[in-house]
*Asks:* 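Before I ask anything, here is the structure I am working with.
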Amino acid sequence: IVDYIETEKTTPNYLRAKAHYYHAVGLSERDDITGACEHYLRALDLLKEEFDIIEKHTKNFSNLSSSDYEKIRYIALTYTRLGRLFHNENYCDLSIQKYKKALIYSELIKDTFAQSHIFKVLGNTYHILGKNDSALYYYNESIKTDFNPINKLDVEKSIATILFANGEKDSAYNLVKNNLDKIENYGAKDSYYCILGNMYYQDKEYDSAINYLNISLESALLSTKISSAVILSAIYDSIGDNNQKAFYDNIISQLSIKDTNRRIKSAKLQSIYDNYKKRKYEKEKLNNRKTYIYSIIAIIIVIIILTVVSIFRNKQKNIRFSNLLKDKENIIKQISKEIQQKENYIKSLEFKHEVKESFDNSLKERLNIIRKVNI
């Protein structure tokens, strides 16, 4: 579909963007991080063009049409996906930028579910950076925005780790254990077991830690499996059990190879994003250049049109003048012809008059001769 719509330029930008978005989702699930990034950014370009159109025609975002609502929702989704992608690759600053952009668009359409999720992932990112105060702020905002119990359980798992790090250990243990009884989703339970195991490890209660960490080691989530194995290896190193340490080190090695292979594919992620920004800058520069060129072309076209019109008018004027001149010449010729005819007629009359005078003179002479004879 993506290949088709890129050649079929009549497809609306919104539909083209959706195709790129879903293609990016598929690529990210196949761990093609660089490919996913490319298509998310392409989707974003197309969606932002659509949003520019919306902004020009919509002053009150509370009265959006359903189609405009969907366009803004997909902008928020795309920014969220990009934030997650950068978060997973430890580009935390970029991740925060994209999440905050997603938050702006989610707030425009009052999508509280999306807002709550973005608050949560912003908290996660700040937590990774060690900025626990900011993390707690966003975690609490997530819970306040959406009272969904699953979201609350997920967020409080992270809050518990911050409480433990801040020395509020009893509160942290109580929060984790109380929530464990409420979780039915085993995927979420695995991460809870890993957190609880890590707490017991830090408190040097190794038996309890080993018990929970071995459960979390069965998680389908690669990061949870690696974290559990690393802590288990550290525990057996502390108690001097080298065989068990070697066993978990081997697991860490195998899991790390998988993780490394995935990360090798994403090594170009930063350069892709830099290229995107460069393309964006070049596009803006090109658009400005095009505007300038189009303005020059428009001026040249106007000058050409005015010149052609002027030449045409002069030509028409010359043709009219030439025709008028020809008409006058024809009139002059006609008058000259009439004058010539009259001159010829006058000459004819003069000739007749001369003949008559000659005849009259001849007649007079004859009469005079006759008279003389008679006398």
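Just so it is clear, the model here is predicted, and its values are computed rather than measured. Along the sequence shown, residues are numbered consecutively beginning with 1. Side chains included, hydrogens not; waters and symmetry mates left out as well; all remaining heavy atoms used.
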*Asks:* Answer whether the closest heavy-atom distance between the side chains of Glu141 and Lys144 falls below 4.5 Å.
*Replies:*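 A side-chain contact exists here, since the closest heavy-atom pair is under 4.5 Å.
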
*Asks:* As a quick check of understanding, evaluate side chain to side chain contact (heavy atoms under 4.5 Å, CB included) for Ile159 and Asn140, giving each step before the final call.
*Replies:* CA-CA 9 Å; Ile159 290 175; Asn140 288 322; 4.1 Å; yes

*Asks:* Measuring only between side-chain heavy atoms, which start at C-beta, is Leu217 closer than 4.5 Å to Ile251?
*Replies:*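 Answer yes - side chains close enough.
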
*Asks:* How close do Asp32 and Gly35 get, counting heavy atoms only, and between which atoms?
*Replies:*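 Nearest heavy atoms, Asp32 then Gly35: OD1-N, 3.0 Å.
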
*Asks:* Walk me through it: do Met199 and Tyr212 pass the test side chain to side chain contact (heavy atoms under 4.5 Å, CB included)?
*Replies:* CA-CA 10 Å; Met199 289 179 181; Tyr212 286 114; over 6 Å; no

*Asks:* Do the charged groups of Lys152 and Glu156 touch, with an N to O distance under 4.0 Å?
*Replies:*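 So Lys152 pairs with Glu156 through a salt bridge.
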
*Asks:* Would you say Ile231 and Leu222 are hydrophobically clustered, going by side-chain heavy atoms of ILVMFWY under 4.5 Å?
*Replies:*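 In one cluster: yes.
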
*Asks:* Quick one: does any side-chain atom of Tyr79 pair with a main-chain N or O of Ile104 as donor and acceptor, under 3.5 Å?
*Replies:*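 The answer is no, because no donor-acceptor pair under 3.5 Å joins these two groups.
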
*Asks:* Using the salt bridge (Lys or Arg N to Asp or Glu O under 4.0 Å) criterion, which residues pair with Asp241? Sequence neighbours excluded.
*Replies:*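 In terms of salt bridge (Lys or Arg N to Asp or Glu O under 4.0 Å), with neighbours along the sequence ignored, Asp241 is linked to no residue.
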
*Asks:* So, the side chain of Tyr21 versus the backbone of Arg16: is there a donor-acceptor pair under 3.5 Å, distance only?
*Replies:*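 No, the answer is negative, given that no donor and acceptor are paired below the 3.5 Å cut-off.
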
*Asks:* When rounded to the nearest 0.5 angstrom, what distance separates CG in Asp93 from NZ in Lys98?
*Replies:*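 Rounded to the nearest 0.5 Å, the CG-NZ separation comes to 12.0 Å.
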
*Asks:* Quick one: do Tyr40 and Leu44 satisfy side chain to side chain contact (heavy atoms under 4.5 Å, CB included)? Show the steps, please.
*Replies:* CA-CA 6 Å; Tyr40 280 136; Leu44 199 58; over 6 Å; no

*Asks:* Using 0.5 Å steps for rounding, measure from the CD1 atom of Ile195 to the CG atom of Asp190.
*Replies:*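 The distance works out to 11.5 Å.
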
*Asks:* For a quick test of reading the model, state the closest non-hydrogen atom pair linking Tyr193 to Ser216 and the distance between them.
*Replies:*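 Looking at all heavy atoms of both residues, the closest pair is CB-CB, 3.9 Å.
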
*Asks:* Taking all non-hydrogen atoms of both residues, which atom of Thr161 and which atom of Ser158 are closest, and how far apart?
*Replies:*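 Smallest heavy-atom distance, with atoms named: OG1-O, 2.6 Å.
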
*Asks:* Only one of Ile75, Leu103, Ile118 clears side chain to side chain contact (heavy atoms under 4.5 Å, CB included) with Thr80; which?
*Replies:*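 That would be Ile118.
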
*Asks:* So do Tyr99 and Arg84 actually touch side chain to side chain, heavy atoms under 4.5 Å?
*Replies:*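 Yes, at least one pair of side-chain atoms sits under 4.5 Å.
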
*Asks:* Quick one: does Val230's side chain get under 4.5 Å of Ser227's, heavy atoms only?
*Replies:*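 Val230 does not reach Ser227 side chain to side chain.
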
*Asks:* What is the distance from atom CD1 of Ile72 to atom CG of Asp111, rounded to the nearest 0.5 Å?
*Replies:*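 The CD1 atom of Ile72 sits 11.5 Å away from the CG atom of Asp111.
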
*Asks:* For Lys101, is the NZ atom crowded, meaning more than 12 foreign heavy atoms sit under 6.0 Å from it?
*Replies:*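 No - once you tally the heavy atoms of other residues, nucleotides and ligands closer than 6.0 Å, there are 12 at most.
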
*Asks:* Is there a donor-acceptor pair under 3.5 Å between the side chain of Ser228 and the backbone N or O of Thr224?
*Replies:*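 Yes, the answer is positive, given that a donor and an acceptor are paired below the 3.5 Å cut-off.
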
*Asks:* Show me, pair by pair, the donor-acceptor contacts under 3.5 angstrom made by side chains of residues 125-137, not counting sequence neighbours?
*Replies:*
from, atom 1, to, atom 2, distance (Å)
Thr125, OG1, His87, ND1, 3.1
Thr125, OG1, Val121, O, 2.8
Tyr126, OH, Lys100, NZ, 3.1

*Asks:* Contact between Leu163 and Leu175 at the side-chain level, heavy atoms closer than 4.5 Å - yes or no?
*Replies:*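 In short, these two side chains touch, coming nearer than 4.5 Å.
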
*Asks:* Of all the heavy-atom pairs spanning Ala76 and Ser106, show the shortest one and how long it is.
*Replies:*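 For Ala76 and Ser106, the tightest heavy-atom pair comes out as CB-OG, 3.5 Å.
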
*Asks:* Can you measure from CZ (Phe247) to CD1 (Ile252) and round to the nearest 0.5 angstrom?
*Replies:*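 These two atoms lie 11.0 Å from each other.
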
*Asks:* Would you compute the distance between atom CG of Leu47 and atom OG1 of Thr78 and round it to the nearest 0.5 angstrom?
*Replies:*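 Leu47 atom CG to Thr78 atom OG1 measures 5.0 Å (nearest 0.5 Å).
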
*Asks:* How about Asn243 and Tyr236: does a side-chain donor come under 3.5 Å of a side-chain acceptor?
*Replies:*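 Distance-only check fails for Asn243 and Tyr236.
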
*Asks:* Using modelled atom types and a 3.5 Å cut-off, is there a donor and acceptor pairing between side-chain atoms of Asn178 and backbone atoms of Asn174?
*Replies:*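 It does hold such a pair.
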
*Asks:* Does any part of the side chain of Tyr14, heavy atoms only, come nearer than 4.5 Å to the side chain of Leu46, both counted from C-beta?
*Replies:*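 Leu46 vs Tyr14: side chains apart.
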
*Asks:* Do you reckon Ile183 sits in the same ILVMFWY cluster as Ile215, going by side-chain contacts under 4.5 Å, direct or chained?
*Replies:*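 As far as the 4.5 Å side-chain criterion goes, Ile215 and Ile183 are connected within one cluster.
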
*Asks:* Would the distance check show the side chain of Asn166 and the main-chain N or O of Glu168 forming a donor-acceptor pair, the cut-off being under 3.5 Å?
*Replies:*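 Not at all, since once roles are kept as given, no pair shorter than 3.5 Å links the two residues.
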
*Asks:* Is there a donor-acceptor contact under 3.5 Å from the side chain of Ser95 to the main chain of Gly83?
*Replies:*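 Looks like yes, one N/O pair under 3.5 Å.
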
*Asks:* Closest approach of Ile1 and Ala19, non-hydrogen atoms and distance?
*Replies:*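 The answer is CG2-CB, 3.8 Å.
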
*Asks:* Honestly curious: do Ile150 and Leu221 fall in one hydrophobic cluster under the side-chain, below-4.5 Å linking rule?
*Replies:*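 No, separate clusters.
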
*Asks:* Contact between Asp146 and Gln115 at the side-chain level, heavy atoms closer than 4.5 Å - yes or no?
*Replies:*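 Side-chain contact under 4.5 Å: no.
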
*Asks:* In terms of hydrophobic clusters joined by side-chain contacts under 4.5 Å, are Ile297 and Leu306 together?
*Replies:*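 No, because Ile297 and Leu306 fall into different hydrophobic clusters, even though each may have its own neighbours under 4.5 Å.
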
*Asks:* Could you go through the side chain to side chain contact (heavy atoms under 4.5 Å, CB included) check for Leu85 and Cys37 one step at a time?
*Replies:* CA-CA 8 Å; Leu85 186 144; Cys37 183; 4.2 Å; yes

*Asks:* Counting N and O atoms only, with roles assigned by atom type, does the side chain of Ser253 sit under 3.5 Å from a partner on the main chain of Asp249, one being a donor and the other an acceptor?
*Replies:*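 No; zero donor-acceptor contacts below 3.5 Å.
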
*Asks:* Would you kindly confirm whether Leu77 and Ile96 end up in one hydrophobic cluster when ILVMFWY residues are joined by side chain heavy atoms under 4.5 Å apart?
*Replies:*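 Not linked; separate clusters.
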
*Asks:* List, one per line, each side-chain donor-acceptor pair under 3.5 Å for residues 202-210, sequence neighbours excluded.
*Replies:*
from, atom 1, to, atom 2, distance (Å)
Asp203, OD1, Lys169, NZ, 2.7
Asp203, OD2, Tyr173, OH, 2.7

*Asks:* Identify the heavy atoms of Cys194 and Leu213 that sit nearest to each other, and give their distance.
*Replies:*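 For Cys194 versus Leu213, the nearest heavy atoms are O-CD2, 3.9 Å.
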
*Asks:* Please answer whether the main-chain N or O of Ser116 pairs with a side-chain N or O of Ser142 as donor and acceptor at a distance below 3.5 Å.
*Replies:*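 Side chain of Ser142 to backbone of Ser116, a donor-acceptor pair under 3.5 Å: yes, one is there.
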
*Asks:* Determine the sole option in Lys182, Lys120, Lys189 for which the salt bridge (Lys or Arg N to Asp or Glu O under 4.0 Å) test with Asp154 is passed.
*Replies:*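 When Lys182, Lys120, Lys189 are each tested with Asp154, the salt bridge (Lys or Arg N to Asp or Glu O under 4.0 Å) holds only for Lys120.
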
*Asks:* Spell out, as yes or no, whether a donor-acceptor pair under 3.5 Å connects the side chain of Ser233 to the backbone of Ala229.
*Replies:*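 No, Ser233 side chain to Ala229 backbone: no donor-acceptor pair under 3.5 Å.
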
*Asks:* Working to the nearest 0.5 angstrom, can you tell me the gap between Asp170 CG and Phe164 CZ?
*Replies:*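 So the CG of Asp170 and the CZ of Phe164 are separated by 10.0 Å.
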
*Asks:* Is the shortest side-chain heavy-atom distance between Lys157 and Asn179 below 4.5 Å?
*Replies:*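 Side chain of Lys157 against side chain of Asn179, heavy atoms only: no contact under 4.5 Å found.
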
